[in-house]
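Beneath this line is the structure, given in structure tokens, with notes to follow.
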There are 2 protein chains.
Amino acid sequence: MDPDGTLAFASHDHAACRDGAMAHAEAVAEAKGLRLTPVRRRALEILLESHQALGAYDVLDRLAEEGFGRQPPVAYRALEFLVEHGFAHRIRRLNAFAACMHPGEAHVPVFLICSACNGLAEAPGAAVATALRQSAGPLGFRVERMSIEAVGLCPACQEGDE
Amino acid sequence: MDPDGTLAFASHDHAACRDGAMAHAEAVAEAKGLRLTPVRRRALEILLESHQALGAYDVLDRLAEEGFGRQPPVAYRALEFLVEHGFAHRIRRLNAFAACMHPGEAHVPVFLICSACNGLAEAPGAAVATALRQSAGPLGFRVERMSIEAVGLCPACQEGDE
DNA sequence: CTTGACTAGTTATCTTATAACATATTCCTT
DNA sequence: AAGGAATATGTTATAAGATAACTAGTCAAG
Ligand SMILES: [Zn+2]
Ligand SMILES: [Zn+2]
Ligand SMILES: [Zn+2]
Ligand SMILES: [Zn+2]
């Protein structure tokens with residue numbers, strides 16, 4: 001769909017991008033026997049509206065507007081489900097969540113966060129993960145999960161900023 | 001002092017470890033003309049008491065007990081100073097702070113967080129940083145800051161857990 | 001139909017972080 | 001040494017993020 005993460009920062013047909021991701025997520029849920037209920041599905045659609053991360057309360061506001069519950073656990077639970085099953089990621093640096101661009105595929109995401117436009121891309125992280133494990137190995141540490149996030153400027157926001 | 005991060009997870013003379021780090025930090029502050037005031041110095045000492053990350057409110061409690069202000073900004077400001085000048089790091093995954101083991105040296109820290117004992121080590125991150133930049137390059141993204149954190153099990157906590 | 005697993009909603013509370021303002025200290029300039 | 005700018009410390013109040021604990025609806029298996 002977007003194996004090398006180039007989409008987020010390039011102009012593209014986002015309606016197709018979003019629909020593709022949604023269809024893909026649905027197929028994965030179906031295959032795994034997961035219940036992509038209305039709130040969960042809507043939460044994912046909301047995340048998929050842009051290549052940016054959204055706070056839980058942003059998602060909550062949107063859900064509430066549309067007739068779902070207005071209390072924090074409504075959003076947190078939907079987001080937790082999405083993250084747990086790989087439909088979304090949590091971006092710790094931003095206290096926020098973003099739709100996963102590769103649902104169903106095992107991958108270590110590397111997040112690239114543009115500090116100017118808040119754009120978010122998911123770069124391939126296999127090499128970074130390997131380097132990290134090699135760095136942890138000599139200490140005898142067994143890595144189970146990792147979060148790798150970079151803040152900087154996306155191509156568009158570098159213009160006139162050199 | 002601890003170039004390869006092996007200290008945190010190995011038994012060692014921590015009093016010497018702490019004093020060395022403190023002395024080093026003082027020398028750096030002196031050299032840079034930074035004011036390591038009583039709150040700031042005490043906050044750093046508190047962080048240096050263990051190889052674990054502490055929440056801002058934990059640090060605040062300790063400071064308050066010792067006669068400093070009892071309001072959040074007291075701790076947040078001291079910690080902000082320490083982070084800004086490289087005496088401490090912020091661990092996003094934990095919403096917490098830890099003393100830097102290499103103050104004064106330019107480095108990209110890789111944090112290894114033990115989920116069993118809360119131990120925290122700072123592994124060398126040069127290779128990881130390089131891999132990350134190489135991953136971001138093809139997207140035209142200019143990396144400015146990065147946070148690289150891994151959760152897993154330290155050597156001691158792997159015993160009897162295989 | 002009833003039971004048990006799961007989902008979604010609520011209220012209440014906790015934790016983490018910052019804004020805005022008042023006071024005190026430091027340090028440079030004269 | 002005195003004045004004044006910049007820095008540092010303290011306060012109150014509030015914003016922002018997250019979870020605990022409980023209630024009630026859904027739905028399929030038995
Ligand atoms: Zn898109
Ligand atoms: Zn941008
Ligand atoms: Zn030590
Ligand atoms: Zn451990």
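All chains are named by letter (A, B, ...) in the order of the sequence lines, taking the proteins before the strands, and each is independently numbered beginning at 1.
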Whole-Å distance separating the CZ atom of B:Phe81 from the C1' atom of D:dG10: 18 Å

Mind calculating the distance between CZ (A:Arg93) and C1' (D:dG17) to the nearest angstrom? 17 Å

Measure the spacing between CG of A:Leu120 and CE of A:Met101 and express it to the nearest 0.5 Å. 8.5 Å

Let me know the distance between CD of B:Glu84 and C1' of D:dA8, rounded to the nearest Å. 13 Å

Nearest whole angstrom, please: distance from the P of D:dG10 to the CZ of B:Arg42. 14 Å

Base-contact (B) and sugar-phosphate-only (S) positions in nucleotides 8-25 of chain C, heavy-atom cut-off under 4.0 Å, - elsewhere: BBBB----BBBB------

Between C:dC6 atom P and A:Leu36 atom CG, what is the distance in whole Å? 17 Å

For the NE2 atom of A:His51 and the SG atom of A:Cys114, what is their distance to the nearest 0.5 Å? 14.0 Å

Whether B:Phe141 and A:Phe9 hold their rings parallel, tilted or perpendicular, with breakpoints at 30° and 60°: parallel

Which donor-acceptor pairs under 3.5 Å do side chains of residues 85-99 of chain A form with protein atoms, sequence neighbours excluded?
from    : atom 1 : to       : atom 2 : distance (Å)
A:His85 : ND1    : A:Phe81  : O      : 3.1
A:His89 : NE2    : A:His107 : NE2    : 3.3
A:His89 : NE2    : A:Glu122 : OE2    : 3.2
A:Arg93 : NH1    : B:Ser147 : OG     : 3.1

Between the CD atom in A:Glu84 and the CZ atom in A:Arg77, the distance rounded to the nearest 0.5 Å is 13.5 Å

Partners passing side-chain hydrogen bond (donor to acceptor under 3.5 Å, both in side chains) against B:Glu80 (at least two apart in sequence or in another chain): none

